[in-house]
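Convention: sequence-line order gives letters A, B, ...; per-chain numbering from 1.
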Amino acid sequence: MTGAPTARLVLAGRGVVDGRATGRALVCTAPVSGWGGIDPSTGVIVESRHPQRGESFAGGVLVLPGAKGSSGWSGQFHLAKLQGTAPVAVVFTRMNSKLALGLVVLDVPAVTELDTDPITALHTGDLLDVDGTAGTVRVLTGEEHGNGRQ
Amino acid sequence: MQLTPADERMLVGDDGPAVQAAIQLLVRYGDLMGAERLIDTDNVCGANIFGPRHARVLGTTDPAALFSRFSLDLAEPVEVPAFRAHSCQLIGPRDREQWDVQGIAPSDALAMDSSEAYLVERGVDVLSTCTPYQVGVVPQFGEHCAWMESSAVVYINSVLGARTNTEGRESSAASMITGRTPYVGYHLDEARRATHMIDVRTPVVTTEDWNLFGYWVGDRVQDAVPVLAGERLRPSHVQLKQFGAAAASSGDVEMYHLPGVTPEAATVEQALGGRPPRATSVYDATARAETVASLCRTATDRDVDFVMIGCPHAALEQVREVARLVERRRISDSTSLWVFTPSALRRQADEEGLVATIEAAGARVLSDTCPAIGQFLPPGTKVFATDSAKQAHYVPAIAGVQGWFGSVETCVTAALTGRWAA
């Protein structure tokens, strides 16, 4: 196999933070708390009632309906960034002040307002190419593309 | 975004690198939320005392380096001038005087004193509580604020009619430095109208009831603005504090209306802005029972190691209730009882003899922090109990312990007997 990776699905939306990155998806089916919801030293969801408790977004693409809970959201993802456990891109449904500030601090490609609900269309483990400049999320086929910002 | 000439001067660096970084951050953040401009704010609350959790990650305890990195999102330290906005420090990582109870090393305590002094030098009121509205920082009706701390945000928006979004550390620090905040979200009338009706069909009377009700409402409405409709809903200020904190923990509630109690709507119709609700949910006895089970979902063992009262920080009447319950008694040798209240109220409780009564029973009255924010528990804690839905929500996730939730009386009884009996 040669050439550019092919996409088996492309979601189009609005890019909110520029840049492009690929990584494996962690699809959260419920909003994510930052403070008290993630462990920034590991990038693992820890909220006891969260459906994805125990799963990690470190180095991957965090797909989530939105941010909730404590105002320490950005602060926790700030700690994750400095400890190398931050996501490489963010795909989300609903903007609020916690997520907006978190995105400013994370400074990774981010896309929202997609034409298909990303929470149902995307699956944990999917290899995603997130283009925050074009506002697209491509689900790649093939296994040769690792995580990382391009 | 439309910027004023003063904003533009800050952006190009005329007021120095810290102001420049702060306004850049606010413009990016405001743009993401769709703000058309920034507005003045002279009432900002943030959290900028840094303890070992941050110092270890950065590899230094230098307060200037910590502030630039974690408050301004800058890789290199910059000179930070006196803050322009009236600013208040929220709850922090340690009790200023009784840090030894937390197991903190003296060198770490000194570093946190330096971090606090860095803020005092810049004009910050170091009240060090999640409830500044209990101890003198009381926003006016309609005042534009920039506050962190979800439990305080929902309180000042709903109960006082002030206007703030839920800020984070970086945005509130930027507002302290610039006196500006994005004019968007809860600063605008539109976002403050109720869209979700809560039909209350079971009595909500005690403080325990209000905690449970808040936890259920947050779970149900998530980030919507609810209006609470029901008979005889007459919460005390303590109950409003507990309700909002719970709703902001299970969900994302930053504003609610209780006609006849909160100031922006006298009727359900007015709260809804004359429009039909997008959703209606019924709170009944079944919903209450399910919420108790949900809050205690991590708990199986009834031998309680630790009882925590005062999240958000206890009002004086809550401290008095604990003192009454433990007067001339001793808590169990196997259990610790800690009560958290703002340092200003702790001094008053001391004056009134309440601290002496509680300490004589073998318990402690602490300030400036809490087990969740400071990430500390009595050594060996496996099972804890609390009167706060918010604390019951967070501590099991943060510390990996079991958590019981109940009334102050049930919790104090557990401390006296060492057993959870509810």
For this session: Quick one: sort the B:Phe70 and B:His54 rings into parallel, tilted or perpendicular, breaks at 30° and 60°.
Result: perpendicular

Problem set entry | B:His313 versus B:Thr131, side-chain donor and acceptor atoms under 3.5 Å | no

Exercise. Would you say the side-chain atoms of B:Asn165 and B:Glu254 include a donor-acceptor pair closer than 3.5 Å?
Worked result: no

Exercise. Going by the angle between their ring planes, with limits at 30° and 60°, are B:Tyr183 and B:His144 parallel, tilted or perpendicular?
Worked result: perpendicular

Exercise. B:Glu149, B:Arg69, B:Gln375: which one forms the most heavy-atom pairs within less than 4.5 Å of chain A?
Worked result: B:Arg69

Exercise. Between B:Thr60 and B:Asp62, does any side-chain donor sit less than 3.5 Å from a side-chain acceptor?
Worked result: no

Seminar exercise, completed: Highest number of heavy-atom pairs under 4.5 Å with chain B among A:His78, A:His50, A:Lys68, A:Met95 belongs to A:His78

Problem set entry | Which atoms of B:Ser172 approach chain A - backbone, side chain, both or neither, heavy atom under 4.5 Å | neither

Exercise. Tell me, side chain or backbone of A:Ala67 under 4.5 Å from chain B's heavy atoms, or both, or neither?
Worked result: backbone

Problem set entry | Atom group of B:Arg297 that falls short of 4.5 Å from chain A, counting heavy atoms | side chain

Exercise. Which bit of B:Thr166 comes within less than 4.5 Å of chain A, counting heavy atoms only: side chain, backbone, both or neither?
Worked result: both

For this session: Considering only heavy atoms and a distance below 4.5 Å, find which of B:Ile373, B:Val395, B:Leu58 pairs most often with chain A.
Result: B:Ile373

Seminar exercise, completed: With chain B, the option among A:Ser48, A:Gly36, A:Ala100, A:Ser97 that has the most non-hydrogen atom pairs under 4.5 Å is A:Ser97

Exercise. Based on non-hydrogen pairs under 4.5 Å, which of B:Lys390, B:His393, B:Gln222 is most in contact with chain A?
Worked result: B:His393

For this session: Compare every heavy atom of B:Ala173 with every heavy atom of B:Asn48, then report the nearest pair and how far apart it is.
Result: OD1-CB, 4.1 Å

Exercise. Is it the backbone or the side chain of A:Arg94 that comes under 4.5 Å from a heavy atom of chain B, or both, or neither?
Worked result: side chain

Exercise. What about B:Phe405 and B:Phe384, are their ring centers closer than 6.0 Å?
Worked result: no

Exercise. Given a strict heavy-atom distance threshold of 4.5 Å, which part of B:Ala372 is in contact with chain A: side chain, backbone, both, or neither?
Worked result: both

Exercise. Is the closest side-chain donor-acceptor distance between B:Asn157 and B:Arg163 under 3.5 Å?
Worked result: no

